[in-house]
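Worksheet: the structure to be examined is printed underneath.
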Amino acid sequence: MPKEKSTTRKGGKERVQRRKKDPNAPKRGLSAYMFFANDNRDKVREENPGITFGQVGKMLGDKWKALTETERKPYDAKAATDKKRYEEEKAKYQAQLAEASEEESS
DNA sequence: AGTCTGATTGTTACC
DNA sequence: GGTAACAATCAGACT
């Protein structure tokens with residue numbers, strides 16, 4: 001493992017729309033957790049009717065890690081698929097940059 | 001060359 | 001509409 005830095009907002013401040021140097025911002029693909037949540041959100045809520053987001057989120061994360069790589073596989077696979085999608089965006093995004101640069105040469 | 005931070009993604013629930 | 005923990009992630013910016 002590279003580094004175990006708490007992915008949690010260190011400052012716990014507003015991390016909404018920030019730094020955006022990308023012209024067309026190729027956004028990133030979804031994370032395995034996103035797909036995991038997509039499949040668990042309704043399931044967790046079903047077993048926990050009336051559960052608030054705070055509980056769902058924490059519980060989801062706990063279960064997420066509870067899963068083994070094998071169980072994460074399908075989710076990771078989806079994440080990888082989404083990543084590919086992002087790759088296309090990134091490719092186009094960079095292609096546009098190159099094009100713009102070329103035109104700029106004019 | 002290597003690291004690290006910042007930005008982004010999606011969920012639900014509430015104001 | 002936006003924000004809040006939850007986790008991943010990845011690419012660009014920085015040293």
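This structure is a prediction, so every number in the text was calculated from the model and none was measured. Below, all heavy atoms of this structure are taken into account, side chains as well, without hydrogens, waters or symmetry copies.
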Search all heavy atoms of [X] against all heavy atoms of [Y] and return the closest pair with its distance.
X: A:A32; Y: A:A79; result: N-CB, 3.5 Å
X: A:P49; Y: A:E46; result: CD-O, 3.6 Å
X: A:Y93; Y: A:P26; result: CD2-CG, 3.5 Å

Interatomic distance, [X] [atom1] vs [N] [atom2] [rounded to whole Å]:
X: A:L60; N: B:dT11; atom1: CG; atom2: P; result: 12 Å
X: A:R85; N: B:dG10; atom1: CZ; atom2: P; result: 14 Å
X: A:Y93; N: B:dT8; atom1: OH; atom2: P; result: 12 Å
X: A:Q55; N: C:dA4; atom1: CD; atom2: P; result: 17 Å
X: A:K58; N: C:dA7; atom1: NZ; atom2: C1'; result: 14 Å
X: A:E87; N: C:dT9; atom1: CD; atom2: C1'; result: 12 Å

Below 4.0 angstrom, which residues in residues 31-51 of chain A have at least one non-hydrogen atom near DNA chain C?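 Residues of residues 31-51 of chain A under 4.0 Å from DNA chain C: A:S31, A:Y33, A:M34.
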
Nearest-0.5 Å distance that lies between atom CG in A:N38 and atom CG in A:N40: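 Reported to 0.5 Å precision, the distance equals 9.0 Å.
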
Supply the atom-to-atom distance A:L60 CG to A:R45 CZ, rounded to the nearest 0.5 angstrom.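 These two atoms lie 12.5 Å from each other.
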
Dump the intermediate steps for ring-ring contact (aromatic ring centres under 6.0 Å, His included) on A:F36 and A:Y75, then the final yes or no. CA-CA 6 Å; A:F36 172 77; A:Y75 301 108; 5.2 Å; yes

With the 4.5 Å side-chain cut-off for hydrophobic clustering, are A:M34 and A:F53 part of the same group?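 No: no chain of side-chain contacts under 4.5 Å links A:M34 to A:F53.
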
Nearest of C:dG12, C:dA8, B:dA13 to any side-chain atom of A:T52?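 Selected nucleotide: B:dA13.
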
Using heavy atoms to find the nearest nucleotide of DNA chain C for A:G29 and A:M59 separately, return the residue whose nucleotide is more 5′.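 The 5'-side residue here is A:M59.
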
All pairs passing salt bridge (Lys or Arg N to Asp or Glu O under 4.0 Å) where residues 65-85 of chain A contributes a residue, at least two apart: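 Non-adjacent pairs meeting salt bridge (Lys or Arg N to Asp or Glu O under 4.0 Å): A:K83-A:E87, A:R85-A:E88.
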
Answer with base, sugar-phosphate or nothing: what part of the nucleic acid does A:L30 contact at a heavy-atom distance below 4.0 Å?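 Here A:L30 touches the backbone only, sparing every base.
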
Spell out, as yes or no, whether a donor-acceptor pair under 3.5 Å connects the side chain of A:N48 to the backbone of A:V44.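 Looks like yes, one N/O pair under 3.5 Å.
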
Residues in contact with DNA chain B, drawn from residues 64-71 of chain A - heavy-atom cutoff 4.0 Å: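 Residues of residues 64-71 of chain A that come under 4.0 Å of DNA chain B do not exist, since none gets that close.
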
Is the phosphate of C:dC10 approached by A:K83 (side-chain N or O, under 4.0 Å from OP1 or OP2)?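 No.
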
Distance-only donor-acceptor test (3.5 Å): side chain A:R28, base B:dT9: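 Side chain to base: no pair below 3.5 Å.
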
